[in-house]
There are 2 protein chains.
Amino acid sequence: MASPHQKQTMKDRILQTADRLFYLKGIRAIGVDTISAEIGISKRTLYNHFPSKDALIAAYLEHRFVQPKPSDRSPVEQILGTFDALERRFGAEDFRGCPFVNAVAELGGEDKSVKDIAVAFKESRRLWFRDRLVELGVADPDRLATQLQLLVDGSIAQDLVRDDPAMARAAKEAARVLLENAGVKVSSPDGAKA
Amino acid sequence: MASPHQKQTMKDRILQTADRLFYLKGIRAIGVDTISAEIGISKRTLYNHFPSKDALIAAYLEHRFVQPKPSDRSPVEQILGTFDALERRFGAEDFRGCPFVNAVAELGGEDKSVKDIAVAFKESRRLWFRDRLVELGVADPDRLATQLQLLVDGSIAQDLVRDDPAMARAAKEAARVLLENAGVKVSSPDGAKA
DNA sequence: GCCAAGGTACACAGGTCTGTGTAACTAAAA
DNA sequence: TTTTAGTTACACAGACCTGTGTACCTTGGC
């Protein structure tokens with residue numbers, strides 16, 4: 001973990017492959033046989049590293065729970081840049097929506113642990129927006145952060161079914177309107193730095 | 001179909017039960033045995049009415065594709081009322097997100113017909129917004145309709161993971177800001193008719 | 001050389017799933 | 001009464017799933 005040159009462990013390879021297949025094809029659609037076959041290991045080895053498929057699913061979701069990198073850009077640029085990043089990801093052919101929302105949709109309210117991590121993820125994203133809005137001094141950062149997160153999740157859901165990266169642009173424009181309405185000065189209607 | 005007093009056919013009962021279980025528990029999570037057992041019929045009878053589970057899934061999604069009732073309220077009230085209706089549905093304990101988004105998330109891009117009907121549904125909803133925005137004479141009804149639909153889908157996704165009907169209120173407030181920004185006069189910040 | 005850790009091959013238990021085949025039953029229509 | 005359409009009970013095929021048991025093999029460290 002410390003050294004980037006460190007050889008990838010077996011556990012890493014299993015998790016990485018499970019991550020890719022679970023995300024692309026769905027958690028229920030992928031069996032442990034498929035994962036081990038894809039890596040070229042025996043199913044026994046997989047079970048030596050993860051006690052059950054449920055444990056592998058939990059590891060998958062935790063693995064997806066990554067914090068955004070710190071940035072030295074201005075709060076407004078960071079907020080609006082979120083939607084540019086979304087648009088880029090929508091364009092990739094291996095994008096298939098939000099893994100947490102998908103997992104909840106797929107596994108239902110049955111599995112409480114899945115829902116818990118999904119809620120934690122969504123809340124962490126909302127708080128990320130909120131921190132930047134506080135920095136900007138807007139009146140009601142909590143409310144606006146929630147609304148920005150609505151635009152993020154809405155564009156993800158829309159792109160999931162429509163495969164249309166323009167959804168991210170529409171969300172960005174809406175976000176700009178909401179920011180300006182909250183008294184935030186936003187430079188130009190489209191990409192001043194371009 | 002014409003008379004509301006008409007006795008419910010076997011096919012209706014199957015579809016209705018499949019609808020409820022598919023939506024609540026997930027399509028992959030429910031087998032045809034479960035559906036037939038729930039109704040108290042044999043699995044053979046189910047297969048006499050639907051040639052395959054895939055056909056039943058298709059019928060389920062078509063059954064969910066309902067058009068909004070015509071309304072005599074003003075366009076603005078209709079648009080904002082959408083979010084009030086959402087909030088009501090979020091409060092129900094049998095609400096589990098958008099069946100079309102869930103189906104795409106669950107069945108993946110593999111099944112093209114599922115994606116097709118999901119796209120058709122989302123587009124029909126977007127056009128519903130668009131029609132009302134045209135009536136209001138806004139400058140760019142297509143863009144704003146897309147953005148309102150983003151708020152709808154965003155609040156649905158958020159409520160799915162958080163079980164928080166307040167997401168609909170946040171979406172409604174954002175919708176009001178977007179409408180006002182487009183030059184639409186919106187009466188009061190919260191429920192003038194209350 | 002020897003040992004121990006971890007991987008492999010492979011069978012298998014026990015469950016679920018979709019879908020079919022078949023013979024008997026029921027009830028309404030003719 | 002006879003026919004016919006729909007339903008039932010039930011077994012079963014064939015596939016896939018999670019998870020385990022077991023005996024063998026490979027490899028690096030001592």
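The sequence lines fix the lettering, A, B, ..., with proteins before strands; numbering per chain opens at 1. Quick note: numbers below take in every heavy atom, side chains included, and nothing from hydrogens, waters or symmetry partners. Treat the numbers as computed from the prediction; the structure is a model and nothing was measured.
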Exercise for the section: Cation-pi check, R64(B) to F121(B): give yes when NZ or CZ is under 6.0 Å from the six-membered ring centre and within 45° of the ring axis, no otherwise. Expected result: no
Length of the [atom1]-[atom2] vector between [X] and [N], whole Å:
X: I27(B); N: dT16(C); atom1: CD1; atom2: C1'; value: 18 Å
X: N48(A); N: dA4(C); atom1: CG; atom2: P; value: 18 Å
X: L46(A); N: dC17(D); atom1: CG; atom2: P; value: 13 Å
X: D33(A); N: dG15(C); atom1: CG; atom2: C1'; value: 14 Å
X: I14(A); N: dT18(D); atom1: CD1; atom2: P; value: 14 Å
X: M10(A); N: dG28(D); atom1: CE; atom2: C1'; value: 17 Å
X: K53(B); N: dT16(C); atom1: NZ; atom2: C1'; value: 11 Å
X: R28(A); N: dT18(D); atom1: CZ; atom2: P; value: 11 Å

Practice task
Kindly assign one of parallel, tilted or perpendicular to the pair F129(B) and F83(B), based on the angle between their ring planes and the thresholds 30° and 60°.
Solution key: parallel
Assess whether a salt bridge exists between [X] and [Y], defined as any Lys/Arg side-chain N lying under 4.0 Å from an Asp/Glu carboxylate O.
X: R125(A); Y: D153(A); value: no
X: R126(A); Y: E123(A); value: yes
X: E87(A); Y: K172(A); value: no

Handout entry: H49(B) vs dG6(D): side-chain N/O to OP1/OP2 distance below 4.0 Å
Key = no
Exercise for the section: Report yes if a side-chain nitrogen or oxygen of T45(B) is closer than 4.0 Å to either non-bridging phosphate oxygen (OP1 or OP2) of dT8(D); otherwise report no. Expected result: yes
Between the protein and nucleotides 20-23 of chain C, which nitrogen or oxygen pairs come in under 3.5 angstrom?
unit_1, atom_1, unit_2, atom_2, d
dG21(C), N7, R44(B), NE, 3.1
dG21(C), O6, R44(B), NE, 3.4

Problem - Main-chain N/O of D159(B) paired to D164(B) side chain as donor or acceptor, under 3.5 Å - result: no
